[in-house]
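Here is the structure we will look at, set down as structure tokens.
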Amino acid sequence: MDHKELAELLFPEITKTPEDYERSYPKRDLAPGAAVTRLAPSPTGFIHLGNLYGAMADERIAHSSGGFCYLRIEDTDEKREVEGAIPVLIDTLAYFGINFDEGAIGEDGSDERGIYGPYRQSRRRDIYKACVKYLVAQGKAYPCFMSEEEIAAVRSEQEAAKENPGIYGKYARYRDADMDEIKKHLDAGETPVIRFRSEGDPSRYFKIEDGIRGKISMPENVQDTVILKQVGLPTYHFAHVVDDHFMRTTHVVRGEEWLSSLPIHVQLFDAMGWEYPIFCHNTVLMKVDDETGQKRKLSKRKDPELGLSYYKQLGYFPEAVREYLMTILNSDYEEWRAANPASDYSEFAFAASKMSNSGTMFDLNKLNDISKDVLARKTAAEIFDFCLGWAEEYKPDKAADMKANKELYIKIFDIDRSGDKPRKDLIYAEQIMRFISYFFDAEFVRESDMPKECAEDLKSILEKYRGLYSASDDNSEWFGKIKALAAELGYAEKPGDYKRNPGMFKGHVGH
RNA sequence: GGCUCCAUGGUCAAGAGGUUUAAGACGUCGCCCUCUCAAGGCGGAAUCACGAGUUCGAUUCUCGUUGGGGCUACCA
């Protein structure tokens, strides 16, 4: 079998070689210790807290080492692609402070920044094919014409025989097909997938040093993994290897769900004759399932409330979310923050090796607590500006009122926030605005037929704060507006719900 | 099922064979402060999954068990 002839037969249009690309994408000129990381999402349009958690690890590992972080779009699965997902992704990440030095960061996804592109996998077909062609020419990959039915049949045969499922060894029908057989299929108009010809033996183990987990040992891969799909696009495994090599990634930070395919990846790096990047397998963010009570990975389907847009809608300060994520990413961050309350988080010495290697449970209480601290460090004016921005997007009617009564709002935001015992009860914009509503509504509710002791409580609250807003000559007109608004919001119908010392936010802070 | 990763209180976790009567934070409970409490102060309860082994000594090392996570696609 002439492998070179086969490679030409399969990829006549590909003239470039991996060596050509090697020259096109020169090694980066990096300071010692500087890391190059990448965020490589697929454009499915939904970003949740777990994605941000991973993204922050990438961003911090790169930037705290003086390196670079780029954005690569993994759009090799056309079926899953969602229109317009990329700009949303970029905007959302930017909102939470994740910025990229290069990558697919154009407004409409068409612009790219950096010399290692294209940064969208769908535009790198020729690069992948050149590498696949190289492997075929070396006899390390081959075309496979097995149909879905054939594969399914093999699988059930394997299950019956209690063997490991998959296409490998004797089950790989086209592994050793001769040129005539291949030509016959090709002439019949069939398009093959390209499989890697694995020489691995699962009874042999290889060792590798993971950037987070330390030494790990895994069995070699036996599977003849598909590297090029019928549509001419690579699978994740191959795209990862080619891209992270040519884009000169030094640290591949990714979720631990990739750990089990690491044997395939190292095998592919070896076959191409390339050095491995440092693999950093991160843990996933988990939650307790509401129904089963079991721990599980955050899911985009089951946990819409964990989508990043949820936090944006509630008006969490992005800085608060970031601080929370930092504390679970590097556990000494909290201590560092306590010692350096005024420092920017970028001054913290972030390290992959300090990352936890067991799954972390998402904790809303902790997020809220951290948010209180973050807001306690803000001035009332800063809080006002943020809340106004939030209101303009989510509560336009409120925004108008805020603008008209800016000074009053700022005074209220500032209640008891200075001095020896500053209050820390502001958490997120929606809650803050609810606080304001309660505060204003008190005057309104007091006049209604609520239980007497509640009225007394409210009265005393108002007495205390009256000075804050009676500074202006006449509040009556303004109070009238508040009353109308309160009525509109339905408060007038439920004064009876008001309980003595209700704990204004308890029960509102999430679930 | 196979392979694999993980395992300190309810949660995040420090700890790296003796210096630990196992830090700290969140939550929780109690008390105090007080013109409200949602803030603040003080204090309490609560953890090394289990079983062997190595060792003078194990939360720390090894093996097993159990539990949980992940993978097992022409998805990423």
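Since this is a predicted model, take the numbers as computed values, not measurements. Below, chains carry the letters A, B, ... as their sequence lines are ordered, and counting in each starts from 1.
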**Fill in**
Among B/C12, B/G1, B/G69, the one nearest any side-chain atom of A/Pro165 is B/G1
**Request:** Kindly point out which of B/C12, B/G27, B/C75 is positioned nearest to the side chain of A/Thr235?
**Result:** B/C75
OP1, OP2 of [N] versus side-chain N and O of [X]: anything below 4.0 Å?
{"X": "A/Thr327", "N": "B/G24", "value": "no"}
{"X": "A/Lys229", "N": "B/A76", "value": "yes"}
{"X": "A/Lys366", "N": "B/G27", "value": "no"}
{"X": "A/Lys162", "N": "B/G1", "value": "no"}
{"X": "A/Thr283", "N": "B/G69", "value": "no"}

Interatomic distance where [atom1] belongs to [X] and [atom2] belongs to [N] [whole Å]:
{"X": "A/Met361", "N": "B/G27", "atom1": "CE", "atom2": "C1'", "answer": "14 Å"}
{"X": "A/Phe238", "N": "B/C75", "atom1": "CZ", "atom2": "P", "answer": "15 Å"}
{"X": "A/Glu256", "N": "B/G68", "atom1": "CD", "atom2": "C1'", "answer": "11 Å"}
{"X": "A/Asp369", "N": "B/C12", "atom1": "CG", "atom2": "P", "answer": "16 Å"}
{"X": "A/Glu257", "N": "B/G69", "atom1": "CD", "atom2": "C1'", "answer": "11 Å"}
{"X": "A/Asn330", "N": "B/A25", "atom1": "CG", "atom2": "C1'", "answer": "16 Å"}
{"X": "A/His237", "N": "B/C71", "atom1": "NE2", "atom2": "P", "answer": "11 Å"}
{"X": "A/Ile370", "N": "B/U11", "atom1": "CD1", "atom2": "C1'", "answer": "12 Å"}

Check whether any side-chain heavy atom of [X] sits under 4.5 Å from a side-chain heavy atom of [Y], and report yes or no.
{"X": "A/Tyr311", "Y": "A/Leu367", "result": "yes"}
{"X": "A/Arg124", "Y": "A/Asp243", "result": "yes"}
{"X": "A/Lys366", "Y": "A/Glu334", "result": "yes"}
{"X": "A/Tyr142", "Y": "A/Asp224", "result": "yes"}

Using atom [atom1] in both nucleotides, what's the gap between [N] and [M] to the nearest angstrom?
{"N": "B/A7", "M": "B/C63", "atom1": "C1'", "value": "16 Å"}
{"N": "B/A38", "M": "B/C5", "atom1": "P", "value": "48 Å"}
{"N": "B/A22", "M": "B/C48", "atom1": "C1'", "value": "8 Å"}
{"N": "B/A14", "M": "B/C74", "atom1": "P", "value": "39 Å"}
{"N": "B/G44", "M": "B/G24", "atom1": "P", "value": "11 Å"}
{"N": "B/C71", "M": "B/A76", "atom1": "P", "value": "14 Å"}
{"N": "B/G15", "M": "B/U47", "atom1": "C1'", "value": "13 Å"}

**Asked** Run the ring-ring contact (aromatic ring centres under 6.0 Å, His included) check on A/Phe386 and A/Phe317 step by step: do they pass?
**Response** CA-CA 8 Å; A/Phe386 179 81; A/Phe317 275 54; 3.8 Å; yes
How would you label the contact of [X] with the nucleic acid (heavy atoms, under 4.0 Å): base, sugar-phosphate, or nothing?
{"X": "A/Tyr205", "value": "sugar-phosphate"}
{"X": "A/Ser217", "value": "sugar-phosphate"}
{"X": "A/Val193", "value": "base"}
{"X": "A/Ser261", "value": "nothing"}
{"X": "A/Glu74", "value": "sugar-phosphate"}

**Base-paired stems in RNA chain B, each at least three Watson-Crick or G-U pairs under 3.5 Å** = B:1-7 with B:66-72, B:10-12 with B:24-26, B:28-32 with B:40-44, B:49-53 with B:61-65
**Prompt:** Does A/Lys140 come within less than 4.0 Å of A/Glu199, counting only side-chain N to carboxylate O?
**Reply:** no
**Request:** Flag the pair A/Asp244 and A/Arg72 as a salt bridge only when some basic side-chain nitrogen lies within less than 4.0 angstrom of an acidic carboxylate oxygen.
**Result:** yes
**Fill in**
When A/Asp75 and A/Asp363 are each assigned the nearest nucleotide of RNA chain B, the 5'-most assignment goes to A/Asp363
**Whichever of A/Ser331 and A/Asn164 has its nearest RNA chain B nucleotide further upstream toward 5'** = A/Asn164
**Message:** Between A/Tyr168 and A/Tyr171 (judged by ring centroids, cut-off 6.0 Å), do the two rings come close enough to count as a pair?
**Reply:** yes
**Prompt:** What residues form a ring pair (Phe, Tyr, Trp, His ring centres under 6.0 Å) with A/Phe362, not counting sequence neighbours?
**Reply:** A/Tyr324
